[in-house]
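Please read all numbers here as calculations on a predicted model, not as lab measurements. Each chain gets a letter, A, B and so on, in the order its sequence line appears, and its residues count up from 1. Atom set for the values below is all heavy atoms of this structure, side chains included, hydrogens, waters and symmetry mates excluded.
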There are 2 protein chains.
Amino acid sequence: MGTGHQHCQHRGANLAELADRLRRGARKLTGPRQLVLESLRHSRHPQTPKEIHAALAGQPCDLATVYRSLKVLSDLGMVQRFDFGDGIARFELVAEGRDGHHHHLICTRCARVVELDECFLDEIQQRIATANGFRAVTHKLEFFGLCPDCQ
Amino acid sequence: MGTGHQHCQHRGANLAELADRLRRGARKLTGPRQLVLESLRHSRHPQTPKEIHAALAGQPCDLATVYRSLKVLSDLGMVQRFDFGDGIARFELVAEGRDGHHHHLICTRCARVVELDECFLDEIQQRIATANGFRAVTHKLEFFGLCPDCQ
DNA sequence: TTGCTTGCAAAGTATTTGCACCGGA
DNA sequence: TCCGGTGCAAATACTTTGCAAGCAA
């Protein structure tokens with residue numbers, strides 16, 4: 001939509017737009033949800049529910065509410081869930097109009113995360129889908145290794 | 001090794017070889033471990049600890065022991081762990097001499113699994129590792145979609 | 001007002017661990 | 001014999017859910 005300029009380089013949109021997206025989903029922009037959105041908006045990498053909850057220090061917000069907010073936001077496609085293979089869910093804000101699909105390079109020692117904005121599997125994925133008769137195929141891909149500081 | 005013929009097409013090796021691999025790791029081939037190995041050997045796709053435990057019906061074996069066996073086998077590189085994004089660990093037997101690296105195509109509706117034996121990311125992975133100064137880089141990749149029967 | 005939301009507590013599920021006893025090598 | 005392995009039960013960790021009260025629209 002014809003949103004004007006934006007003064008910050010946070011990933012995703014501004015609060016007003018986020019509120020709008022919520023309303024379109026027949027949801028309310030409540031205090032706790034604003035906090036969760038703010039927390040995600042200030043994060044460069046996927047955050048765990050616990051990390052988000054901790055970042056809300058001061059503001060009272062139950063951890064269960066963080067989980068519920070993430071569920072709502074996820075259903076509306078406003079946040080994307082990632083799995084780093086440790087059984088803990090991580091979430092990242094998705095920019096309006098995008099699908100949030102991308103990958104990460106994670107240091108197995110210090111947990112540093114590098115965002116990989118390009119996805120190089122479209123062709124391969126299409127080939128696999130066709131070869132096996134599958135449809136609506138997507139994929140999850142994450143890279144792991146030792147970052148420069150940890151080698 | 002000069003193993004003779006084998007009469008089954010289970011993935012991985014036979015019990016004798018598996019026992020040998022365990023001993024080389026200074027571990028014992030106990031009853032429960034045999035059961036876990038047998039269960040994995042008869043599975044074509046990654047199994048959850050619970051599924052493995054259930055497949056041991058009749059033979060008494062604690063679920064905790066299944067977890068501990070899988071840990072040992074995993075440390076010895078005899079089984080490979082996979083994550084299908086639902087927070088449940090799944091394990092597959094690795095053939096001797098192989099690293100077990102491969103991927104899956106999973107139906108999001110009926111959970112049917114297709115084994116994808118080829119890995120097509122070597123070049124891309126190398127490029128990403130170099131570009132970010134990472135070393136010993138690996139990756140986890142799984143495809144999801146609707147299988148022919150579920151479309 | 002109305003129905004979505006929240007806090008709090010309890011329940012669920014997956015996985016790990018302490019400990020005394022048991023059994024392969 | 002000896003040390004690793006096992007069953008059992010309890011403990012962790014992450015996530016979900018029931019319920020009565022609260023608040024955005």
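At the phosphate of C:dT15, OP1 or OP2 sits under 4.0 Å from a side-chain N or O atom of B:Tyr67. Dashed line: the shortest gap from a side-chain N or O of B:Thr48 to OP1 or OP2 of C:dA14 is not under 4.0 Å. Under 4.0 angstrom from either OP1 or OP2 of D:dC14 there lies at least one side-chain N or O belonging to A:Lys50.
Minimum atom distance to the side chain of A:Arg68 is reached by D:dT17, of the listed D:dA24, D:dT17, C:dG18.
Residue contacts for B:Gly87: at a heavy-atom cut-off of 4.0 Å it reaches the sugar-phosphate backbone alone, with no base atom in range. No contact: B:Lys71 has no heavy atom under 4.0 Å from any strand. Backbone-only contact: A:Ala89 has heavy atoms under 4.0 Å from sugar-phosphate atoms and none from a base. When heavy atoms are screened at a 4.0 angstrom cut-off, A:Arg33 is found touching the sugar-phosphate backbone but no base atom.
The nearest whole Å value for the distance from the CG atom in A:Asp86 to the P atom in D:dC14 is 9 Å. Look at CG on B:Asp75: it is 15 Å from P on D:dG4, rounded to the nearest Å. One interatomic measurement links the two molecules: CG of B:Leu70 to C1' of C:dA14, which rounds to 13 Å at whole-angstrom precision.
Counting distance only, with no hydrogens placed and no angle test, the side-chain atoms of B:Arg23 and the base atoms of C:dG24 include no donor-acceptor pair under 3.5 Å.
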